[in-house]
**Student:** 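Just dropping this structure here.
Naming convention: chains lettered A, B, ... in sequence-line order (proteins, then strands); numbering from 1 in each chain.
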Amino acid sequence: MAPKVLMVAEKPSIALAIASVLSGGRMSSRRGSTEVHEFDGMFLGFPVHYKVTSVIGHVFSVDFPARFQDWNATNPLDLFDAPIVKTESTPKAHICRHLSQEARGCGHLVLWLDCDREGENICFEVIECTGFQSTAGRKVYRARFSSVTEKDILKAMNSLVEPNKNEAQAVDARQEIDLKVGVSFTRFQTSYFNGKYGNLDSRVISYGPCQTPTLGFCVRRHLQISTFKPEKYWTLHPYIIYKGYELKLDWQRHRLFDSDVTQMFRNFVKEDGFLKVIGISEKQVSKGRPSGLNTVNLLKVASSALGFGPQLAMQLAERLYTQGFISYPRTESTAYPASFDYKGTLGALVRNPVWGDYVQQLLSDGYHKPRSGTDAGDHPPITPMSSATEDVLGHDAWKLYQYICQHFLGTLSPDCKYTRIKIEFESGGESFNCVGQHVLVKGFTSIMPWLAVPEINMPQFTEGQKIDISRIEVDEGSTQPPDYLSESELISLMEENGIGTDASIPVHINNICERNYVQVQAGRRLVPTALGISLIRGYQLIDPDLCLPDIRSFIEQQIALVAKGQADHSLVVEHVIEQFKRKFIYFVKQIENMDALFEAEFSPLSESGRVLSKCGKCLRYMKHIPSQPSRLYCGTCEEIYYTPPKGTIKLYKELTCPLDNFELLIFSMRGPEGKSFPFCPYCYNNPPFEGIDLFGASKSIGSVKLWKGAGMPCFLCPHPTCQHSMISQGVCACPECDGTLVLDPVSAPRWRLYCNMCNCLVSLPEGAHRISTTRDHCPECDSTIIEVDFNKKTTPLKDGATLHVGCILCDELLYSLVEMKHGKSFSRNARHRGRGRGRGRRGYSGRGRGNKKQQDPRMSFRDF
DNA sequence: GCAAGGTC
């Protein structure tokens, strides 16, 4: 059997392209975590069997070990010296397992990751997953390619190299630095400010070496605007009427900030009464066609001309790409590869109803090659691949596609050429001028009309000629502050300062919006909020480095040393981390300077929120603060109790928790079918029983309390006698999961049961006065017996009786009135299969971590 | 609940 060669690309599309080229299209493809393409061929002069597959970006990402995940138990300062662990970025995709399986029996590994630092880093992630490094005799190769054309792929195959460990380690360094710096500052700021103020309206007060300088740009502009002092100015405009034109002339001095002096010049001109032509210049100007379109330029146009935010623009572009209408939309390059097939691409657009004629003309008159741009070695510029119409794409995608087509056709069109005539005049010792423009060749501006050069007609003048002034105007104006930063300007600033990448720039902008630091207003301009301004002004007071773009360049420059092999990876990390640690310590020490700004802007917890319920410790009323993170604040005990997020909270009939005396609250999730449940503020934050999968907690890391807002509502409480606990309110097992269906106590008149773990919902007899659980259990199936008090008018009972007691599964009447809302439907055919063991009285077993096997077989809707 | 970077 021929030896096997495994090849791995960064994304499925590249794997497909490589396999297609190397196999000449004769390959077999099968599905896996990612597709695998197989074929036979030659490798280094020997016949081999190829397998080509891919990862989906990074396989791993870095994080802190579990013991550093609890915000309350970890001092953020300790994070600088904490170990870091690599975990799979998308565990569900099982990429690591996939690579390890595919590598089995392969003698060679060829890495086709993108040719940048991140790609080099992913190379080593792949090597780790495949286990290639540990086995002698198996060789690892790196293919270096600048595009996925046949020529480039074959060239790369003939010049395989080794993966570059230094570049990969530079990325490791960046990951560790970004993680430690970002997370430590974020946790500290969040805990500090959310523990003091009630109306910050952001769950997380985040800090990051990219997002914070991004915010810094927006706030810098805001400060320019708010400190702007307008100044009055005056300007002089003589008018002439000549050969049927009335011309307004511009003053060479443009404007003066002194009214008297301007008047003086006006008088000089007025005394002369005429203008003398002292110069006529005419020159040909060429306005160059664009070079290829890259991601950042697409995002800028999308924001400024189409009104699409970067996130939306990328989503639309992504869709156009996967549907085959445009080429890969994430690229830095503005230069096309020498081999690019312009003719073929134009051919694909020639039938388009909107610009088909223009394409035809380019094909017949001959097109120009695009103006040379920069080749970043990643992907060709964003190019239309096939023709589409608005009907097919929908309005937004069409707008973006249309621009991509117009831009592409523009790159192949002639330059725009026009003549510019400038006439200079003199009067009273002052100089004036006017300018005319005449377009000779529209060129690319006919397909990109918004860039067209306006035609400005001008009569013929002769030098030395004198023309009477018809009138003189003195215009008064005042200097204007700049406008708020447009998103497009922000993208440019980020690009210039090396903040983020083409793929991450939209994410950073989105971040500062989501955190409520800036708001996108009319014309996609970014206006910072009080929170955003306070943060940046705070950094400026304490340590301006923290919000300057240089912070990113500093990190980049440090890790570049690692990439070039000029410095040791761990020494660089250590050095950079040490510096940030010092900055962190100083920041913590000086936080009161930032806090002074917060004090002026925000309300302390004690003044926030509305009085809601009684604290079980001091028996005084606590206040509910509904802004994120939603919480209760006891001013006497100075304690915060987080509440479930995203819903409304009310007092629950002044009932109290038997464990701690806190007044119970009812939380209602949003939406018409949102469930409601009681909870005790104290138990919710401090679950009195071990091993409970908290409501709202991340399931993947067990029941550790991971974030504010996760907690234990009564429906998870195993208290044996409290009338609100799962034990009392639970009716039967959930048909969908391991949970329990509990009675929604405030769902009248549309009574219902919901699952305490999943979304399963069961409706009970509608319109009943009251439905409640009893202490009795069904002898058949052990479900909790419920008591229904029907409405007199609509009771289904004989003789107008209203009270009925029974099991919702075994009682014929009740069973006929319940209905599954969310979840599988059920029938009662095999109802008595198995032995019913309703969960009601069985105590708290089998719901904790890893206990599932101990569960008794039990009756539920599932068994029907 | 935290960063930034890949990609879907």
**Student:** Base, sugar-phosphate, or nothing for A/G119, non-hydrogen atoms under 4.0 angstrom?
**Tutor:** nothing
**Student:** Rounded to the Å, how far apart are A/N510 CG and B/dA3 C1'?
**Tutor:** 15 Å
**Student:** Which nucleotide sits closest to the side chain of A/C210: B/dC2, B/dG5, B/dA3?
**Tutor:** B/dG5
**Student:** Please confirm whether the shortest side-chain N or O distance from A/Q211 to OP1 or OP2 of B/dA4 is below 4.0 Å.
**Tutor:** yes
**Student:** Quick one: A/D502 CG to B/dG6 P, roughly how many Å, whole number?
**Tutor:** 7 Å
**Student:** Would you say A/I382 and A/T331 make side-chain contact, with heavy atoms under 4.5 Å?
**Tutor:** yes
**Student:** Is the phosphate of B/dG5 approached by A/R552 (side-chain N or O, under 4.0 Å from OP1 or OP2)?
**Tutor:** yes
**Student:** Determine the sole option in A/Y642, A/F677, A/F679 for which the ring pair (Phe, Tyr, Trp, His ring centres under 6.0 Å) test with A/F695 is passed.
**Tutor:** A/F677
**Student:** With DNA chain B as reference, determine whether A/S61 or A/E318 sits nearer its 5' end, using the nearest nucleotide of each.
**Tutor:** A/S61
**Student:** For a quick check of understanding: with a heavy-atom distance under 4.0 Å over all strands, which category does A/T90 fall into, base, sugar-phosphate or nothing?
**Tutor:** base
**Student:** Regarding A/R515, tell me which of base, sugar-phosphate or nothing describes its non-hydrogen contacts under 4.0 Å with the strands shown.
**Tutor:** sugar-phosphate
**Student:** Using a 4.0 Å heavy-atom cut-off, does A/V62 contact any base of the nucleic acid, only the sugar-phosphate backbone, or nothing at all?
**Tutor:** base
**Student:** Using only side-chain N and O atoms of A/R631, determine if any of them is under 4.0 Å from OP1 or OP2 of B/dG1.
**Tutor:** no
**Student:** Determine: side-chain N/O of A/T190 to OP1/OP2 of B/dG1, distance under 4.0 Å, yes or no.
**Tutor:** no
**Student:** Tell me whether the side-chain N/O atoms of A/S89 come closer than 4.0 Å to OP1 or OP2 in B/dG6.
**Tutor:** no
**Student:** Identify which one of A/K86, A/E125, A/E10 satisfies the side-chain hydrogen bond (donor to acceptor under 3.5 Å, both in side chains) criterion when paired with A/H58.
**Tutor:** A/E125
**Student:** Could you tell me whether the side chains of A/T53 and A/H37 share a donor-acceptor contact shorter than 3.5 Å?
**Tutor:** no
**Student:** Counting only heavy atoms not in A/E162, do more than 12 sit closer than 6.0 Å to its CD atom?
**Tutor:** no
**Student:** Between P on B/dT7 and NE2 on A/H58, what's the gap in Å once rounded to a whole number?
**Tutor:** 9 Å
**Student:** Look at A/H508 and B/dG5 and indicate whether a side-chain polar atom (N or O) is within less than 4.0 Å of OP1 or OP2.
**Tutor:** yes
**Student:** Between B/dC8, B/dG6, B/dG1, spot the one nearest the side chain of A/T501, thanks.
**Tutor:** B/dG6
**Student:** Taking the six-membered ring of A/F598 (Phe, Tyr or Trp), confirm whether the NZ or CZ of A/K196 is under 6.0 Å from its centre and within 45° of its axis.
**Tutor:** no
**Student:** Within this structure, what is the CD-to-C1' distance between A/E118 and B/dA4, rounded to whole angstrom?
**Tutor:** 8 Å
**Student:** Under 4.0 Å, counting only non-hydrogen atoms across every strand here, what does A/P12 touch: a base, just sugar-phosphate, or nothing?
**Tutor:** sugar-phosphate
**Student:** Could you tell me how far apart A/N121 (CG) and B/dG6 (P) are, to the nearest whole angstrom?
**Tutor:** 11 Å
**Student:** Ring centres within less than 5.5 Å and planes less than 30° apart: is that true of A/Y207 and B/dA3 in this structure?
**Tutor:** no
**Student:** Which is more 5' along DNA chain B, the nucleotide nearest A/F68 or the one nearest A/A503? Just name the residue.
**Tutor:** A/F68
**Student:** Could you work out which one of B/dA3, B/dG1, B/dG5 sits closest to the side chain of A/R174?
**Tutor:** B/dG5
**Student:** A/D172 CG to B/dG6 C1': how many Å, rounded?
**Tutor:** 14 Å
**Student:** Can you tell me the distance, in whole Å, between the CD1 atom of A/I56 and the C1' atom of B/dG6?
**Tutor:** 11 Å
**Student:** Using a cut-off of less than 4.0 Å, is there contact between a side-chain N or O of A/Y328 and OP1 or OP2 of B/dT7?
**Tutor:** yes
**Student:** Nearest whole angstrom, please: distance from the P of B/dA4 to the CD of A/E176.
**Tutor:** 16 Å
